[in-house]
Number of protein chains: 2
Amino acid sequence: MEKYEDLKLENQICFPLYSVSRLITRAYKPYLDTMGLTYPQYLVLLVLWEKDAQTVNEIGKKLLLNTNTLSPLIQRMQKNDLVVRTRSSEDERTVMVSLTSKGLSFKEEAKSIPEDLLGKLLHEDVEVTDVLLLKKTLDSWIEILNNEKEMNINSKK
Amino acid sequence: MEKYEDLKLENQICFPLYSVSRLITRAYKPYLDTMGLTYPQYLVLLVLWEKDAQTVNEIGKKLLLNTNTLSPLIQRMQKNDLVVRTRSSEDERTVMVSLTSKGLSFKEEAKSIPEDLLGKLLHEDVEVTDVLLLKKTLDSWIEILNNEKEMNINSKK
DNA sequence: CACGATTATATCGTGCGCGATGCAAATTTA
DNA sequence: TAAATTTGCATCGCGCACGATATAATCGTG
């Protein structure tokens, strides 16, 4: 076993994660271009399609994104008539993000994307069970890595 | 089964991939900050540590990144004295990227990162076999998604 | 009730990713 | 060999991510 075996690209686990993430965003592009959406914007719509009218904070918690990413992103979405932002009257600090009729209408158009894309990713060597196991591992890592971040925040006190 | 079941965030496979990729980059940060590196810059070093003196093109093929991403990235690395860029005399178009002594010296410092990080990601619910299966699935998807891109290029002719 | 701490959002700067485009060197073709 | 094409790298513009910071509004505590 060579001394630097772990540093070889082919032995990395994080690099394929990073690459697949980018390649998947790219694979979404042709679908999303027809609606004038980017992948992160599509994620915001996924959240709002499940439950309309949520604060920037709620959306951020679900997508694991901070407001310094979401604020301008949602502003661009408003400019493209996908959502509207309204400051709450009860708590003037919070901004409610709601779907426009255009933003809602894309739900129907997006319905077939996940299955369509999954079809491309499944073949004789990668079965549905593999994907489910993969998702289980990823969800577990999200738990670990996201908690670690919050632990750092708390330990700073 | 609800009509829009596939659009629910919790049923997505691409979203956890996207999130884990970002969270892992974040997990690398404390290690890389001590060397003044970003994660993509670290990837370039991984490639050069395996074989010094490669062209921008070779590095890009291995990292699946285009020159419009790599050119400025490598220029920043040169500014930080991690690599040097020299135009080849045989083919004036190509730029050879070589490690500086500083860039090479970080190899020793980076040696423990992968194992250290993997340690955090392994626990009772996620074993080494799960990670190996995950890597196999991801590598297969890289194959599929990256070929698809090249097929598009060819079909444009 | 006052005032310090917390919370929600926004802004700024930097570094990716990447589509589109530019340009010069090399290669192919006529 | 001249002209057309391809190749390798770079630049530009835009949209994320994200650390740092700012600015209100609200909350908690004395």
Co-members of the apolar cluster containing A:Val84 [side chain, <4.5 Å]: none
Partner residues of A:Val47 under the side chain to side chain contact (heavy atoms under 4.5 Å, CB included) criterion, sequence neighbours left out: A:Gln54, A:Ile59, A:Lys62, A:Leu63, B:Leu9
When you measure from the side chain of B:Arg22 to the backbone N and O of A:Leu64, does any donor-acceptor pair fall under 3.5 Å? yes
Sequence neighbours excluded, which residues qualify as side chain to side chain contact (heavy atoms under 4.5 Å, CB included) partners of B:Ser21? A:Tyr18, A:Ser21
Using the side chain to side chain contact (heavy atoms under 4.5 Å, CB included) criterion, which residues pair with B:Asn80? Sequence neighbours excluded. B:Leu82
For D:dA17, does OP1 or OP2 lie under 4.0 Å from any side-chain N or O of B:Arg26? no
State which residues pass ring-ring contact (aromatic ring centres under 6.0 Å, His included) with A:Tyr28; sequence neighbours excluded, sorted by chain then number. A:Tyr39, A:Tyr42
Salt bridge (charged side-chain N to carboxylate O under 4.0 Å, His left out) contacts touching residues 100-110 of chain A (sequence neighbours left out): A:Glu108-A:Lys111, A:Glu108-B:Lys3
Axis-to-axis angle between the two ends of the helix from C:dC1-D:dG30 to C:dA30-D:dT1 (five base pairs per end, rounded to 10 degrees): 10°
Do any N or O atoms of the protein come closer than 3.5 Å to N or O atoms of nucleotides 23-26 of chain D, and which pairs are they?
| from | atom 1 | to | atom 2 | distance (Å) |
| --- | --- | --- | --- | --- |
| D:dT26 | OP1 | A:Glu90 | O | 3.2 |
| D:dT26 | OP1 | A:Glu92 | N | 3.1 |

By side chain to side chain contact (heavy atoms under 4.5 Å, CB included), which residues pair with B:Lys79, not counting sequence neighbours? none
Upstream residue (5' side of DNA chain C) when A:Lys29 and A:Met96 are each assigned their closest nucleotide: A:Met96
With a cut-off of 3.5 Å and sequence neighbours excluded, list every side-chain donor-acceptor pair involving residues 122-131 of chain A.
| from | atom 1 | to | atom 2 | distance (Å) |
| --- | --- | --- | --- | --- |
| A:His123 | NE2 | B:Ser140 | OG | 2.8 |
| A:Asp130 | OD2 | A:Glu127 | N | 2.9 |

Among residues 54-63 of chain B, which ones have heavy-atom contacts with DNA chain C below 4.0 Å? none
Just the atom pairs and distances: protein N or O near nucleotides 11-15 of chain D's N or O, under 3.5 Å.
| from | atom 1 | to | atom 2 | distance (Å) |
| --- | --- | --- | --- | --- |
| D:dT11 | OP2 | B:Gln75 | NE2 | 3.2 |

